[in-house]
Amino acid sequence: MSNLPSRCAECLVRDTSLCSAMRDDELHALSDIARRKTFPAGQVVTWSGDPNSLCANIVSGAVKVTASTPDGREQIVGLLYPGDFVGQPFAQDAPLTITAVGETDLCLFPRGPFQRTLDEHRAVERKLLERTMESLNDAQNRILALGRKNAVERIASFLLEVSERMGVDEDDGASEIALPISRGEMADYLGLTIETVSRQLTRLRKDGVIALEKGDRSCTILSRERLAAIADPD
C-alpha cells in the first residue's frame, strides 16, 4: 500500500514538479512542512529585497518574475508555469519579485525546513539543480531568440511556449490558451512595443493562424503547424 500523503496523491503536478524526485514515503517529510495557498491575479507572492522566507511548487496558474531597472521600471525576466519551482532556497533576501498573473495555486514550503529537506534528500537537491540549469538555459535561449527573431516569430514562439507549458494538447486541431500576461507585458517580455504586438497578433488572426474572440487574454491556436512554421522558419 502506498505511503503517499493524500495532498500529494491528489496533486496535479506530482509527476512533473520537484517532488517527482522523491519516493512516496519521503514525501511525508515535505508534506509535513507544506501548505497550499491560492493567490488571486495580481497578488505579489514575494517582493524583491524582502526576507526570503518561502519556496513553492506551482500547482496551477502561472507567475511572472520581475526585476527592477535602475530607472525604477519593472522588467519581466521570466514566466513560471504548473510544475515549476518558485524561489531560491539559499538566498537570504528575495532577489526578484514574484507575482501571480492569474489565479494561482501554490504549494508553499518555509525556506529553513525546506533547506533541511534538501540536506536529507540528495535526489531532491539534484533535481533542484537540474531545474535551475534548465531555467538558465531557457533564459539564454530567449535572449538568443530576441536577437535573431523578428516580431511575428517572437510572438508565435511565445504562443507555442504558453500552450506547451500550460498543458494544452499539441495536436494540430484548434486549442484555446489563456495568455498569462497582457499585451503590454508581452511587449515588455519580448522586447517589442505594444503597437507591434497588437499589429502582429492581428496579422496572425487575419491569416487564420489564431483567433482572438474573447479579449486580450484568450487566444485560440487554429493551426499549430502553421504557427510553428512561423516561429521557426528555418
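We're numbering straight along the sequence, starting at 1. This one's a predicted model, so the numbers in the text were calculated from it and none came from an experiment.
Evaluation of the ring pair (Phe, Tyr, Trp, His ring centres under 6.0 Å) test over residues 89-121, restricted to residues two or more places apart or in two chains, returns F85-F114, F109-F114.
In this structure a side-chain-to-backbone donor-acceptor pair under 3.5 Å is present from S17 to V13. Side chain of S218 to backbone of A178: no donor-acceptor contact under 3.5 angstrom is found. In terms of modelled atom types and a separation under 3.5 Å, the side chain of T196 and the main chain of L192 share no donor-acceptor contact. Judged by distance alone, the side chain of R224 and the main-chain N or O of S175 form no donor-acceptor pair under 3.5 Å. R111 places a side-chain N or O within donor-acceptor distance of the main-chain N or O of N52, the cut-off being under 3.5 Å. For the pair S20 (side chain) and T16 (backbone), a donor-acceptor distance under 3.5 Å is absent. At distances below 3.5 Å, at least one donor-acceptor pair connects side-chain atoms of Q115 with backbone N or O atoms of P89. Proximity of a side-chain donor or acceptor of T132 to a complementary backbone N or O of L128 within less than 3.5 Å is detected. Checked by atom type and distance alone, the side chain of D188 pairs as donor or acceptor with a backbone atom of I76 at under 3.5 Å. Side chain of T99 to main chain of V44: no donor-acceptor pair is present (N/O by atom type, distance under 3.5 Å, no hydrogens or angles).
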Is there a side-chain contact (heavy atoms from CB on, under 4.5 Å) between R36 and D105 once you walk through the steps? CA-CA 7 Å; R36 291 279 287 274; D105 187 11; 2.6 Å; yes
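Counted by atom type alone, S68 and R73 present zero donor-acceptor pairs between their side chains at under 3.5 Å.
Within a 6.0 Å sphere centred on CD of Q43, heavy atoms belonging to other residues, nucleotides or ligands number more than 12. Taking a 6.0 Å sphere around CZ of R126, one finds it holds 12 or fewer heavy atoms contributed by other residues, nucleotides or ligands.
For the side chain to side chain donor-acceptor pair (under 3.5 Å) with T66, the qualifying choice from E185, E74, Q75 is E74, the only one to do so.
Atom CG in L18 sits 7.5 Å away from atom CG in L118 (nearest 0.5 Å).
Nearest heavy-atom pair across P40 and A100 is O-CB, 3.5 Å.
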